[in-house]
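Structure first, commentary second.
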Amino acid sequence: MDIKHNGIAAMSLVCGFLSLTSPVSAKECYARLEGDTLYLGNSRIERVALWNNGHIKTLSVTDKQSGKTLSAEGKNPDFNANREKPTGGRLSVKEIKSDGIRPDRMVATVSYRLGELEVERDYRLYDGVPAIGIDTRLRGVLGGVAEKETNAADRKNIEHAADMKVKPVTMLLDRLDLKGNHWHGRAVEFRDITDWNNNLVDERDFISYRKTNHRGNILTVTDGEDQGGFIFLKEAPCSGVQLAYKGADFISDFGSFMVTGLGVDNKDITPDKWTPAYSSVLCTFGEGELSALSALRSYQKQCRILDPGRDEMVMMNTWGDRSQDAKVNEAFCLSELDKAARLGISLFQIDDGWQSGKSPNSAVANGSFKDIYANASYWTPDPQKYPQGLKPIVDKGKELGVEIGLWFNPSVQNDFADWEKDASTIVGLWKEYGIRMFKIDGLTIASKKGEENLRKLFDKVLEDTGNAVMFNLDATASRRGGYHFFNEYGNVFLENRYTDWGNYYPYQTLRNLWQLSRYVPAERLQIEFLNNHRNESKYTGDRFAPANYDFGYIFALTMAGQPLAWMEAGNLSEKAFEIAPLIKGYRKIQHDFHKGTILPVGDEPSGRSWTGFQSITSPEEGYIIIYREDNDAEKYPVKTWFKKGTEVALTPILGNGKSFKSKAGIHGEILFDIKNRNNFVLYRYTIKK
């Protein structure tokens, strides 16, 4: 359905119910224009705005589940790029059916002009999801660049009302100007470049006062008078690597909250084509942090449908043992496949070194990521290493039930100008060998053109393979997508850690996953576990040395994410293969566990904590995994997401635990019992009605 509207008469698209974990249809969403008022919503959220010739000004936002309405001033446009008057406002609405990656959705497109600048804003809604996503495209001349920000230390003291005035901000993706003076905020900034960063989440709590800048991809705002509130999600790379970055992602000013930083400069916007800015999302929630995080997660689960046959995996990649490309060849891979199958691995990924061309990371030659196609056979399997191509590897994998994946590095020069050749190469490998998983490495997204070409590469591959291929996006270095960008294309390869350099600590890997899981779907993060008995001499006298942990335990630390065996199976001891039943047992429940809203429980991992994750699969049931780190307490009250007084029955699925029943304490505490240090238990739970 595609309805276009230019006049004042009422127009609507009224659409049933949708499971948040398995989106099927978009029938309850609506967008209608009545007089000079635009209504956007579904069963969970409604945003009401003055039409203002398409340059809309929000009047209210309602969370329909809690019944709370946030009243807005309606004086300032939600989007702003210059000070021209809006003209030519039009509204069109269409339903978009799922392609197997993105779910069904309704898209209401508002288009208008601001002088020489054309604007298109897509408002995306999904059934049963308390969120509205906004995608912005610009064409023409972008005249209004944000003024240089004034440091608060350079402002004069306030003695008169006029002293409080500050310069208006012109470059905004969204805004809400709310009534009231008791707004509590939390800005959450993320870091990737994980080769250099090991503290990936920063939270900053504040009470909104005068104009203040905030960095981050998530801004949560709560009404201090009666709870409830909203979340702004900025769908962009991490703050430190965004394009055209002016130092802030959000601005608060008493009751005004704004999303800033479009990701474009004047030079990026031209009259001959549409250029996308970064996207933003508005979520509403009722009382309490669980309501807020559940609202956010319900939207994030719409970005990519989690398909069990495509997106769930226990992967092995041999790079973690630091042989780089020196060992990989046909005989090595065939041998590794036998051992990977014994361990219970579902996907064996051949990293850098399978191809004829050489990358800069080669251990045997000096290579480059630039001008790859100057060597016509760069992406041909190395004939010395793989004289029969990859077919013997793929065939052996099929025989053993282990799928094959590959490492791939797009040609980076000139803003990925060779994206079509890259796409053709990947599609060719899929056609010849049936390979569906490609680790994308070596990226540097330094310009809008580069970002657009990279997206063209991904989209072309999906189009030509019928969405069969998925990408494993490396977040370890340079300027890349982070945790809230390119989410529709696959999962995130989170970090490189090596016992060779003494920088792999199981509890620190767990801590990174634990902290991210509050704001990022854990099931989209690939989390490594290593051969814990390699390089023991690098950790002499270290309480948290990998060798002090059971191999099954360090695998269990990855289960909330997508586990990655970052190792050569040929270097494992025979005893290590005793964890095969654990991995196979995990694979049976992996998808059901990941379908839920996965959130951290207990204390932050420190090597000496009680910690874990809870997967809320429905209001009545779910999973909870508890880790007892190296501490003296055999029993410990772990804070969970259960409400006070909830009666819960817990049945162990994996690990070392017994069935029991309990009643949650004032902070949701459940008393767990794990006899041994550095041990775990995964429970399935049901709540007594």
Side-chain angles (χ1 to χ4, degrees), residues 307-323 327-354 390 392-407 433-439 470 472 490-497 504 506 509 523 525-534 546 550-591 593-594 654 682:
D307 182 272
R310 178 191 63 204
D311 296 84
E312 301 284 12
M313 64 196 68
V314 177
M315 180 188 285
M316 175 172 284
N317 182 311
T318 63
W319 196 271
D321 279 11
R322 296 301 303 160
S323 295
K327 280 189 178 181
V328 288
N329 58 34
E330 181 179 301
F332 173 80
C333 290
L334 293 175
S335 176
E336 287 290 298
L337 276 172
D338 281 324
K339 296 177 176 63
R342 282 185 61 199
L343 205 59
I345 300 298
S346 67
L347 197 155
F348 178 78
Q349 186 179 68
I350 311 174
D351 211 299
D352 185 5
W354 65 268
L390 298 177
I393 313 300
V394 172
D395 288 347
K396 181 66 173 289
K398 289 179 180 178
E399 177 187 325
L400 296 171
V402 181
E403 193 168 354
I404 305 301
L406 291 176
W407 172 93
Y433 299 114
I435 291 171
R436 300 187 303 160
M437 166 63 88
F438 291 85
K439 179 182 178 183
M470 73 174 290
N472 182 214
N491 60 25
V492 176
F493 179 95
L494 185 63
E495 61 188 23
N496 298 308
R497 298 292 183 266
Y504 171 61
T509 292
E523 66 272 15
L525 301 172
Q526 203 166 44
I527 307 300
E528 84 282 4
F529 67 105
L530 276 67
N531 181 343
N532 57 326
H533 288 291
R534 285 187 71 247
D550 179 77
F551 192 47
Y553 176 76
I554 66 170
F555 165 77
L557 300 181
T558 73
M559 293 197 299
Q562 297 291 338
L564 170 65
W566 190 230
M567 66 186 75
E568 296 174 22
N571 288 335
L572 290 172
S573 67
E574 187 61 28
K575 182 175 176 56
F577 290 90
E578 294 177 4
I579 75 164
L582 171 62
I583 294 178
K584 292 173 182 177
Y586 165 73
R587 286 177 59 185
K588 290 179 182 179
I589 57 93
Q590 181 178 18
H591 184 59
F593 184 92
H594 286 158
L654 299 170
L682 171 64

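For this chain, numbers begin at 1 and follow the sequence in order.
The shortest distance between side-chain heavy atoms of P546 and L530 does not fall below 4.5 Å. Within the 4.5 Å cutoff, no side-chain heavy atoms of K584 are placed close to those of R587. Contact check for M470 versus M313: side-chain heavy atoms found under the 4.5 Å cut-off. Counting heavy atoms from C-beta on, the side chains of W566 and T509 never come closer than 4.5 Å. The closest side-chain heavy-atom distance from K439 to F493 is below 4.5 Å.
Ring geometry for Y586 against H594 counts as perpendicular: the plane angle is over 60°, on a 0 to 90° scale with 30° as the lower cut.
Residue L525 holds its CG atom at 6.0 Å from CG of L494, rounded to the nearest 0.5 Å. Atom CG of N531 sits about 10.0 Å away from atom OH of Y504, to the nearest 0.5 Å. Rounded to the nearest 0.5 angstrom, I527 CD1 and M559 CE are separated by 13.0 Å. If you take CD on E399 and CG on D338, they are separated by 8.0 Å, rounding to the nearest 0.5 Å. Expressed to the nearest 0.5 Å, how far CD of E528 lies from CD1 of I554 amounts to 9.5 Å. For the atom pair CG of D352 and CH2 of W319, the computed distance is 4.5 Å after rounding to the nearest 0.5 Å.
A side-chain donor-acceptor contact under 3.5 Å links E568 and S323. Side-chain contact check for Q590 and Q562: at least one donor-acceptor pair (N or O, by modelled atom type) lies under 3.5 Å. There is a side-chain donor-acceptor pair under 3.5 Å between D321 and N571.
In terms of heavy-atom proximity, S573 sits nearest to F577 at O-CD1, 3.4 Å. Contact between G344 and I583 at its shortest, heavy atoms only, is O-CG2, 3.5 Å. Residues P563 and F555 share a closest heavy-atom pair of CB-CE1, 3.7 Å. Annotation for I350 and C333: closest pair CD1-SG, 3.9 Å, computed over non-hydrogen atoms. Taking each heavy atom of L343 and A576 in turn, the nearest pair found is CD1-O, 4.0 Å. For the residue pair A341 and L400, the shortest heavy atom distance occurs at CB-CB, 3.9 Å.
With M316 as the fixed residue, the side chain to side chain contact (heavy atoms under 4.5 Å, CB included) test singles out one of L564, I345, L347: I345. Exactly one residue among K396, R436, K398, R310 makes a salt bridge (charged side-chain N to carboxylate O under 4.0 Å, His left out) with E403. That residue is R436. When each of N491, N472, T558 is checked for a side chain to side chain donor-acceptor pair (under 3.5 Å) with Q526, only N472 meets the rule.
Residues satisfying the side-chain hydrogen bond (donor to acceptor under 3.5 Å, both in side chains) criterion with W354, sequence neighbours excluded, are absent altogether. Every side-chain contact (heavy atoms from CB on, under 4.5 Å) that E330 has, sequence neighbours left out, goes to L334, Y386, P387, Q388, P392, I393.
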**Request:** Go through the steps to decide whether M437 and M315 satisfy the test side chain to side chain contact (heavy atoms under 4.5 Å, CB included), and finish with yes or no.
**Result:** CA-CA 10 Å; M437 166 63 88; M315 180 188 285; 3.8 Å; yes
**Prompt:** For Y433 and L406, what are the C-alpha separation, side-chain angles and deciding distance, and is it a side chain to side chain contact (heavy atoms under 4.5 Å, CB included)?
**Reply:** CA-CA 11 Å; Y433 299 114; L406 291 176; 5.8 Å; no
**Request:** Determine, stepwise, if the pair F593 / E523 fulfils side chain to side chain contact (heavy atoms under 4.5 Å, CB included).
**Result:** CA-CA 9 Å; F593 184 92; E523 66 272 15; over 6 Å; no
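For the pair K339 and E336, the salt-bridge criterion is not met [side-chain N within less than 4.0 Å of a carboxylate O].
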